[in-house]
J.: 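Take this structure first; my questions come after.
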Amino acid sequence: MSADRPYFLTTPIYYVNDLPHLGHAYTTVACDVVARFMRLDGHRVKFLTGTDEHGQKVERSAQAAGLTPQQFTDRISGAFRDMTGLLNISHDDFIRTTEPRHVRGVQALWQELERRGEIYLGRFAGWYSVRDEAFYDESELVGGPTGAKIAPTGAEVEWLEEENYFFRLSAWQDRLLAFYEANPDAVAPRSRRNEVLSFVKGGLKDLSISRTSFSWGIPVPGNPRHVIYVWLDALANYITALGYPETDQEEFSTFWPASLHMVGKDILRFHTVYWHGFLMAAGIAPPKRVFAHGWWTVEGRKMSKSLGNFIPPHELVDKYGLDPVRYFMLRELPFGSDGDFSHRAVVGRLNGDLANDFGNLAQRVLAMINRNCAAAVPEPAPFTAADDRLLGDAGSLLDRVRPLIADQAFNVALETIWRVVAEANRYVDEQAPWALRRTDPARMGTVLYVLAEILRHLGIVTQPFVPAAAASLLDQLAVPPEARAFADLAARLPPRRPLPAPHGIFPRFVDTEAAD
RNA sequence: GGGCCCGUAGUUCAGCUGGUUAGAACCCGCCGCUCAUAACGGCGUUGUCGCAGGUUCGAGUCCUGCCGGGCCUACCA
């Protein structure tokens with residue numbers, strides 16, 4: 001297994017118009033799990049996140065807050081940076097679209113597209129909504145009470161004519177379809193891939209990629225009256241963070257094309273049609289895979305500004321603890337589907353899967369070792385068939401989980417790991433080491449050794465999902481930090497190594513409020 | 001309007017290219033154990049597989065229609 005197989009993955013860069021909420025946390029944690037998994041599996045990982053800071057909406061929000069756009073974006077971007085700390089995110093880089101390295105890269109990309117004849121100056125006229133930053137077709141509009149035209153989103157629109165630069169997206173339709181055809185895993189999950197295919201097959205129009213109606217953006221090279229369309233600006237972060245336009249440098253050639261762009265389902269099209277079009281047109285390979293995940297409802301209700309039920313990530317972490325939240329988000333539903341974030345469901349997972357199944361398994365084993373084996377890894381005698389079976393289950397775990405992570409099937413991966421947890425609990429009952437203590441202490445030692453070994457496997461394999469709890473478990477097994485990679489699974493715990501006093505890794509959640 | 005997806009035990013869901021008595025988890029009931037975070041283990045109950053037809057020796061699993069729900073349909077994370 002080569003030690004430097006590159007793996008580049010990204011979250012979307014988050015739009016600084018809103019403070020971070022559950023949805024942002026979800027995408028980011030999912031990426032973090034992949035990043036940690038790949039590192040432990042020996043890949044050379046680059047994990048990128050950041051903030052998207054240009055656009056008319058930001059300009060206006062800043063104004064409303066009495067700040068300059070730069071001050072405003074500094075503040076909100078800071079909140080996203082804080083979120084990465086709060087969620088124990090292991091990103092390698094955090095890019096902001098207001099940074100010079102990005103601005104320079106975007107302008108270079110623009111010039112490259114221009115040089116290749118992919119951009120032309122045209123005129124765009126239509127009904128425009130400032131709030132939505134979008135044009136609408138006449139047929140989509142309805143008349144409002146005052147006679148004003150109203151967009152489907154409820155926003156007022158106005159007739160706008162402006163000179164725009166256009167990208168020749170229409171010319172890329174066939175080549176895009178050929179790419180999806182040749183790369184069936186490039187857009188996932190399957191249902192989303194279908195959507196993209198039908199969208200592209202429906203015909204592509206050229207895309208307006210500059211604006212003159214506001215100035216908070218990256219100036220178009222050679223025509224600073226225009227700023228570059230926010231999506232062209234934003235998407236480019238994935239390559240500007242690798243040093244684009246220096247495509248011959250090590251960073252870029254190592255990590256591009258990206259292994260995985262993780263996105264919410266709402267921005268799938270930008271990441272699979274426009275982005276691929278821009279890249280191909282600039283002579284750059286498209287990313288290997290884009291995965292669109294679903295949305296959370298909260299207690300059965302859609303998250304929305306009007307309902308005011310955006311959950312700030314710190315609220316969840318304060319209430320349930322970080323690792324339980326991370327675990328819940330990835331275990332509760334098939335990645336890609338929508339799901340419901342309910343208190344009842346979180347507590348069910350926390351107390352059931354984490355505290356009762358896994359935490360208690362660790363506790364019962366470690367406590368027995370601590371009390372009956374002089375607080376040291378016991379010395380095993382030859383293994384029985386039952387021992388070998390359980391050790392075999394744990395030993396094959398990584399090979400079963402690896403393809404599931406590559407598929408972003410986090411819930412199945414966790415289910416697979418937890419099957420070993422259940423096997424181990426069953427084994428404890430069957431072997432009854434507390435009885436062996438009197439009848440056959442040597443056998444008791446072997447049973448507890450096997451269990452300690454299982455815990456070591458579980459601790460190592462669960463690190464990407466619940467890093468702090470897994471670290472605590474491995475500490476309690478006296479596994480040194482440098483022996484926690486997946487390659488170390490093949491080793492065995494050295495007998496007689498002293499162990500610290502055990503303590504719980506997943507405390508039960510006790511509901512102090514509602515006593516129902 | 002066009003396209004895609006879904007509707008399986010009380011709940012959340014698995015069921016790949018059609019094939020013995022339809023599965024898991026949670027919940028619930030009984031039993032066991034007592035090492036452990038009153039945690040763990042065993043056994044068990046529940047299903048017109050949305051509805052109606054069709055293809056087939058045989059259909060949750062394929063086809064048609066209908067009912068119900070969701071998503072996409074161009075520049076909003």
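The structure displayed is predicted, hence computed values, not measured ones. Proteins get letters first, then strands, A, B, ... in listed order; numbering begins at 1 in each.
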J.: Check every atom of B/G41, B/C71, B/A77 against the side chain of A/Arg192 and return the nucleotide holding the closest atom.
T.: B/C71
J.: Regarding A/Trp418, tell me which of base, sugar-phosphate or nothing describes its non-hydrogen contacts under 4.0 Å with the strands shown.
T.: nothing
J.: Atom CH2 of A/Trp434 to atom C1' of B/G41: distance rounded to whole Å?
T.: 9 Å
J.: What nucleic acid atoms does A/Gly203 come within less than 4.0 Å of, heavy atoms only: base, sugar-phosphate, or nothing?
T.: base
J.: Check this one for me: any side-chain N or O of A/Trp231 less than 4.0 Å away from OP1 or OP2 of B/A77?
T.: yes
J.: Base, sugar-phosphate alone, or nothing: which one does A/Asp266 contact when heavy atoms must sit under 4.0 Å apart?
T.: base
J.: Within the pair A/Arg508 and B/A39, is there a side-chain N or O less than 4.0 Å away from OP1 or OP2?
T.: yes
J.: So which nucleotide from B/A36, B/C40, B/U37 ends up closest to the side chain of A/Ile505?
T.: B/U37
J.: Check this for me, if you would: do A/Asp393 and A/Arg419 make a salt bridge, where the nitrogen-to-carboxylate-oxygen distance has to be below 4.0 angstrom?
T.: no
J.: Could you check which of B/G41, B/A74, B/C4 has an atom nearest any side-chain atom of A/Asn194?
T.: B/C4
J.: Using whole Å, report how far NE2 of A/His503 lies from P of B/A39.
T.: 21 Å
J.: Measure from the side-chain heavy atoms of A/Leu204 and tell me the nearest of B/G3, B/C35, B/A74.
T.: B/A74
J.: Which nucleotide in the set B/C35, B/C72, B/A77 lies at the smallest distance from any side-chain heavy atom of A/Met368?
T.: B/C35
J.: At less than 3.5 Å, do the side-chain atoms of A/Asn360 and the base atoms of B/A36 form a donor-acceptor pair?
T.: yes
J.: What is the separation between atom NZ on A/Lys265 and atom P on B/C71, rounded to the nearest whole Å?
T.: 6 Å
J.: Which nucleotide in the list B/C35, B/A74, B/G3 gets nearest to the side chain of A/Tyr274?
T.: B/A74
J.: Once each nucleotide of nucleotides 9-14 of chain B is scored for protein heavy atoms under 4.0 Å, what B/S/- sequence comes out, 5' to 3'?
T.: ------
J.: Can you check whether A/Arg437 has a side-chain N or O nearer than 4.0 Å to OP1 or OP2 of B/C35?
T.: no
J.: Pick the nucleotide of RNA chain B nearest each of A/Ala367 and A/Pro12; which residue has the one closer to the 5' end?
T.: A/Ala367
J.: Looking only at the side chain of A/Phe506 (C-beta and beyond, no hydrogens), which of the listed nucleotides B/U37, B/C71, B/A77 gets closest?
T.: B/U37
J.: Can a side chain N or O of A/Arg371 be found less than 4.0 Å away from OP1 or OP2 on B/A36?
T.: yes
J.: Distance only, no hydrogens: is a donor on one side chain within 3.5 Å (strictly under) of an acceptor on the other, for A/His226 and A/Asn164?
T.: no
J.: Of all the nucleotides listed (B/G3, B/C40, B/A77), which has the minimum atom distance to the side chain of A/Tyr14?
T.: B/A77
J.: Between B/A77, B/A74, B/G41, which nucleotide gets closest to the side-chain atoms of A/Arg426?
T.: B/G41
J.: Give the stems involving RNA chain B, where a stem is 3 or more consecutive Watson-Crick or G-U wobble pairs (i with j, i+1 with j-1, and so on) under 3.5 Å.
T.: B:1-7 with B:67-73, B:10-13 with B:23-26, B:28-32 with B:40-44, B:50-54 with B:62-66
J.: Checking all strands, does A/Gly202 fall into the base, sugar-phosphate, or nothing category for heavy-atom contacts under 4.0 angstrom?
T.: nothing
J.: Where each residue is assigned the nucleotide of RNA chain B containing its nearest heavy atom, which of A/Val421 and A/Ala355 is assigned the position nearer the 5′ end?
T.: A/Ala355
J.: Measure the distance from OH on A/Tyr427 to P on B/G41 and round it to the nearest whole Å.
T.: 16 Å
J.: For A/Leu333 and B/C6, what is the distance between atoms CG and P respectively, to the nearest whole Å?
T.: 17 Å
J.: Tell me: CG of A/Asn372 to P of B/U34, nearest whole Å?
T.: 15 Å
